[in-house]
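The chain is numbered in sequence order, starting from 1.
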Amino acid sequence: MTSPDALMRVATARGVTTLTLDSPHNRNALSTPLMTQLLAGLADAVADESVRVVVLDHTGPVFCSGADLKETAAAYASGTVPAGMLGDVLAAVWECPKPVVARVAGPARAGGLGLIAAADVAVCAEEATFAFTEVRIGVVPAVISATVLPRLAPRAAAELYLTGDTFDGRRAAEIGLVTAAVPADGLDAAVRRYCDSLVRGAPGALAGAKELLRRPAPGDLRTEIAELGALSTRYFLSDEGREGVLAFREKRPARWVPADD
């Protein structure tokens, strides 16, 4: 039974856990209760060995409107703001050892863009709109820059951070904020295709591949090649590597691929 205080829904099927932001009354704003529940849902998905992929979804027409400004205004008297917790959420998504896919069917603003950028794969409807609105309320997109700036083309980042202008799904894909923008009626199918591909990867190898994607730029090419060569050997000699090679030779799915229902 769902708690009346629940602001997030959780569902798992065929190795995919979907965490659905379910706070449409405030456009899925990142309130402290919602962020707390999202962190708990991510931790549970990481701990569950049957979960292979995490999907971030939403109810209502808006993916996420950013910080909960009503909660923020109420917190001014204490000298702190709840947006400080956003960093923990972004880090949890970014560092999740399992692939994270964002399904964006509607608008996202400010902190919501940080959440999208933290995901490994993000698919949006072409009609979805986005904006870094922080400067228009006298603040800056500080915390979300940790995940957003590695994704965005520098010129686009400067334009959109400074103007606060709205842009659509196609532009979001062009500048690297999302992986793909598709017609709204094709969004679910596109997310499903990514999930079907991701669950075919070995869990340990997927986590290792995510670490590779987060590596800092190499200082010395030969040192980098030597380190990566040793890493490659370790994976080939692992249980997953041996099973993967054997499954390929035997023309069968590897044992980690979830069975069809």
Side-chain angles (χ1 to χ4, degrees), residues 16 18-21 27-28 30 38 53-66 86 89-96 98-136 141-201 206 209-210 212-215 217:
V16 178
T18 300
L19 305 178
T20 302
L21 307 183
R27 302 183 302 164
N28 292 318
L30 295 169
L38 181 53
V53 178
V54 178
V55 173
L56 300 179
D57 199 355
H58 64 101
T59 62
V62 177
F63 175 76
C64 177
S65 59
L86 177 59
V89 173
L90 299 184
V93 175
W94 185 270
E95 296 171 351
C96 179
K98 302 177 182 185
V100 179
V101 179
R103 176 192 176 277
V104 185
R109 298 291 185 269
L113 278 67
L115 196 58
I116 292 168
D120 300 290
V121 175
V123 187
C124 74
E126 293 174 340
E127 300 84 355
T129 62
F130 308 85
F132 297 96
T133 54
E134 287 87 348
V135 295
R136 297 194 177 188
V143 176
I144 67 170
S145 289
T147 59
V148 168
L149 292 183
R151 304 291 191 197
L152 293 195
R155 282 293 187 185
E159 172 201 346
L160 298 170
Y161 267 37
L162 297 175
T163 64
D165 285 346
T166 300
F167 54 103
D168 65 13
R170 293 185 186 89
R171 180 86 193 279
E174 290 171 0
I175 64 177
L177 178 64
V178 301
T179 310
V182 300
D185 59 4
L187 182 60
D188 288 335
V191 170
R192 193 178 310 114
R193 283 194 298 272
Y194 277 112
C195 291
D196 288 345
S197 294
L198 289 167
V199 297
R200 298 186 66 82
L206 287 169
K210 289 194 61 168
L212 278 176
L213 291 167
R214 307 293 186 254
R215 283 176 68 94

**Student:** Mark yes when over 12 heavy atoms from residues, nucleotides or ligands other than R171 sit less than 6.0 Å from its CZ; otherwise mark no.
**Tutor:** yes
**Student:** How long is the straight-line distance from OG1 of T147 back to CD1 of I116, given to the nearest 0.5 Å?
**Tutor:** 10.0 Å
**Student:** Please give me the minimum heavy-atom distance between A157 and L149, naming the atom from each residue.
**Tutor:** CB-CD2, 3.9 Å
**Student:** Can you give me the closest heavy-atom contact between C64 and N28, atom names plus distance?
**Tutor:** SG-O, 3.3 Å
**Student:** Specify the closest pair of heavy atoms between P107 and P61, including all atoms of both residues, with the distance to one decimal.
**Tutor:** CD-O, 3.1 Å
**Student:** Report the residues that fulfil side-chain contact (heavy atoms from CB on, under 4.5 Å) with A172, sequence neighbours left out, ordered by chain and then residue number.
**Tutor:** F130, F167, L177, V178
**Student:** Could you grab the distance from atom CG of L38 to atom OG1 of T20, nearest 0.5 Å is fine?
**Tutor:** 10.5 Å
**Student:** Decide whether T179 and Y194 meet the rule of one side-chain donor and one side-chain acceptor closer than 3.5 Å.
**Tutor:** no
**Student:** Once you round to the nearest 0.5 Å, how far does CG of L90 lie from CD of E95?
**Tutor:** 10.5 Å
**Student:** Can you list every salt bridge (Lys or Arg N to Asp or Glu O under 4.0 Å) pair that touches residues 144-157, not counting sequence neighbours?
**Tutor:** none
**Student:** I need the minimum non-hydrogen distance between G111 and I144, along with the two atoms involved.
**Tutor:** CA-CG2, 3.7 Å
**Student:** Mind checking whether L30 and V89 have side chains closer than 4.5 Å, heavy atoms only?
**Tutor:** no
**Student:** Test: side-chain hydrogen bond (donor to acceptor under 3.5 Å, both in side chains). Region: residues 101-125. Which pairs qualify, not counting sequence neighbours?
**Tutor:** D57-R103, R103-D188, R109-T129, D120-K210, D120-R214
**Student:** Could you tell me the separation between the CZ atom of F132 and the CG atom of L162, rounded to the nearest 0.5 Å?
**Tutor:** 11.5 Å
**Student:** Compare all side-chain heavy atoms of D165 with those of R136 and state whether any distance is below 4.5 angstrom.
**Tutor:** yes
**Student:** Measuring from atom CG of L187 to atom SG of C124, what distance do you get when rounded to the nearest 0.5 angstrom?
**Tutor:** 8.0 Å
**Student:** For A156 versus I175, what's the shortest heavy-atom pair and its separation?
**Tutor:** CB-CG2, 3.5 Å
**Student:** Determine the minimum heavy-atom distance between G106 and A128, stating which atoms define it.
**Tutor:** O-CB, 3.6 Å
**Student:** Would you say C195 and V55 make side-chain contact, with heavy atoms under 4.5 Å?
**Tutor:** yes
